[in-house]
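Everything on this sheet refers to the single structure shown next.
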Protein chains: 2
Amino acid sequence: MFWLFRMPEPAAKVTVMSNSSIPDIVIGRLPIYLRALNHMIQEGKEYTSSHELGGRLGISSAQIRKDLSHFGEFGKQGTGYNLAYLSEQIRHILHVDHQWPVAVVGVGDLGHAIAHYRGFASRGFRVACLFDNNSDVIGEKIAGLSVLPMEQMSTEIQRQGVQVAMIAVPAEAAQLVANQLVQAGVKAILNYAPITLAVPPGVHVQYIDPVVHLQRMTYYLKP
Amino acid sequence: MFWLFRMPEPAAKVTVMSNSSIPDIVIGRLPIYLRALNHMIQEGKEYTSSHELGGRLGISSAQIRKDLSHFGEFGKQGTGYNLAYLSEQIRHILHVDHQWPVAVVGVGDLGHAIAHYRGFASRGFRVACLFDNNSDVIGEKIAGLSVLPMEQMSTEIQRQGVQVAMIAVPAEAAQLVANQLVQAGVKAILNYAPITLAVPPGVHVQYIDPVVHLQRMTYYLKP
DNA sequence: TAGATTGTTAATCGATTAACAATC
DNA sequence: TAGATTGTTAATCGATTAACAATC
């Protein structure tokens, strides 16, 4: 991807092309914008402004406009943004304008909750397979899916072309599972185990550890 | 809290006091450091260095040293950091050197998983009460706790002095629940509902929305 | 001692914001 | 037209990093 910058007057002959990628921190805000936009749509609204959106999210309007400007022009002066259009555009940017099949590894309480969660489909994801190493749950049907043994993981992930996985196993097993997922071709891992994973370049990892979030807040509280 | 800065030579007479608070982004990394330090302790290690810690976490050693320097001097030249000591210090800084009672609102699949999670106790938290508005689950015993009706929430939170809560209700109910929690005196909310909450100043909110994390990764993937 | 590593400074790098011409 | 709001620029602000004296 490249960008064309306007040259200062008097116009130089060269055109500066930058392959500089979009900051990850900007990418990280797009899902938040998208969530809020869809929320507004459900409220029956048709348009919003960077000011209104920023007000809801606690983000400056300038930042929202700047973030969006990395990808194109989506608004109209005086009017703001058409919600349906902007939502569609962001879904396209984030590649969630279709459904990604997701593997879930670990079917304890948390894995169950993930498998049953109804909020994935409308936002670009579909739980496609479940794995566990516990023979008590292998074969069990959860949300219409049979829990498969770990031995079948690689085969099944490759068969379905799964690129995205969620790890919901105990911390002790998480790195091993991550290795197996990477081996199977998974490129994005959402890790619920409270441990930082080591993965090769090109594999993306995000973390969910409720305690990290809680500890971040207790710093500001009086015990 | 204030900080003493070394004056340049020749020494000035005044002592500069700064009330500038520590950046929130620094606070946000401390729980990650703490998690890794405790992991190393469990591996039987006794010391680490900023270089080793940074290597594990994908963070520069300079950043780790800078972050810690906001709070004091915890290491020794040539040796590094004593793990038990640094862990204890960070626990103290984050106020997780004792257990915070936590209220959980919403006892669906996710609320069940949270209530059963064994990972809170060692890291400064204890699920102290569960609430729901569904009469099917009210009265049910989960992890030794009876699920209470929403009507008892405020009273119970105040009775136990709960300052920290987790919201695990559907998105439509989350803002209302947040309002009630704030009314009851809660100062920190971990929100699992996929919605940005509006809360008064002084109330802290953190978010866990797996889809936000997934969407952040799919941007980089080829569909 | 020689090697290692801290804590801190200053420079660099990057992100956010204010401001405004353009224009709907 | 008058009012509102975008997209973009340049300035500001803040975070990260490189480098090194101090010292264990």
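Being a predicted model, the structure only gives us computed values, none of them experimental. Every chain is numbered from 1 and lettered A, B, ... according to where its sequence line falls, protein lines coming before strand lines.
Side-chain atoms of A:S69 lie closest to D:dG7 of the nucleotides D:dC24, D:dA15, D:dG7. Listed candidates were C:dA15, D:dG7, C:dT16. Nearest to the side chain of A:Q63 is C:dT16. Distances from the side chain of A:K76 to the nucleotides D:dT17, C:dT6, C:dC24 place C:dC24 closest. When each of C:dT16, D:dG7, C:dT5 is scored by its nearest atom to the side-chain atoms of A:I25, the top-ranked nucleotide is C:dT16. In the set D:dT8, D:dA22, C:dT9, D:dT8 carries the atom at the smallest distance from any side-chain atom of A:R65. Minimum atom distance to the side chain of B:A62 is reached by D:dT17, of the listed C:dC24, D:dT17, D:dA15.
One interatomic measurement links the two molecules: NE2 of A:H51 to C1' of D:dG7, which rounds to 18 Å at whole-angstrom precision. Atom pair A:H70:NE2 and C:dA15:C1' shows a separation of 9 Å (rounding to whole Å applied). Rounded to whole Å, atom C1' of C:dT17 lies 13 Å from atom CD1 of A:I64. Between the NZ atom of A:K66 and the C1' atom of D:dC13 there is a distance of 14 Å, given to the nearest Å. When rounded to the nearest whole Å, the span between CZ of B:F71 and C1' of C:dG7 equals 15 Å. In this structure, the CG atom of A:L68 is 16 Å from the P atom of C:dA15, given to the nearest Å. The separation between A:Q77 atom CD and D:dT5 atom P is 12 Å, rounded to whole Å. A straight line from CG of A:L53 to P of D:dG7 spans 13 Å, rounded to a whole angstrom.
Atom-to-atom distance recorded for B:Q99:CD and B:F120:CZ is 11.5 Å, nearest 0.5 angstrom. Note that CG of B:D109 and CG of A:D109 are 9.0 Å apart. Values are rounded to the nearest 0.5 Å.
Side-chain contact between B:Y81 and B:S50: present, with at least one pair of heavy atoms (C-beta onward) separated by less than 4.5 Å.
For B:S50, a side-chain nitrogen or oxygen approaches OP1 or OP2 of C:dT6 to under 4.0 Å. For D:dG7, one of the phosphate oxygens OP1 or OP2 lies less than 4.0 angstrom from a side-chain nitrogen or oxygen of A:Y81. A close approach under 4.0 Å does not occur between any side-chain nitrogen or oxygen of A:T79 and OP1 or OP2 of D:dT5.
With a cut-off of 3.5 Å on both Watson-Crick or G-U wobble distances, the partner of C:dG14 is given as D:dC13. With a cut-off of 3.5 Å on both pairing distances, the Watson-Crick or G-U wobble partner of D:dG7 is C:dC20.
In this structure, A:R29 and B:F74 both approach DNA chain C, and ranking their closest nucleotides by distance from the 5' end singles out B:F74.
Taking the charged nitrogens against the carboxylate oxygens, B:E73 and B:R65 have no contact shorter than 4.0 Å, which rules out a salt bridge.
Between A:T196 and the options B:R56, B:R35, B:H39, a side-chain contact (heavy atoms from CB on, under 4.5 Å) holds for only B:R35.
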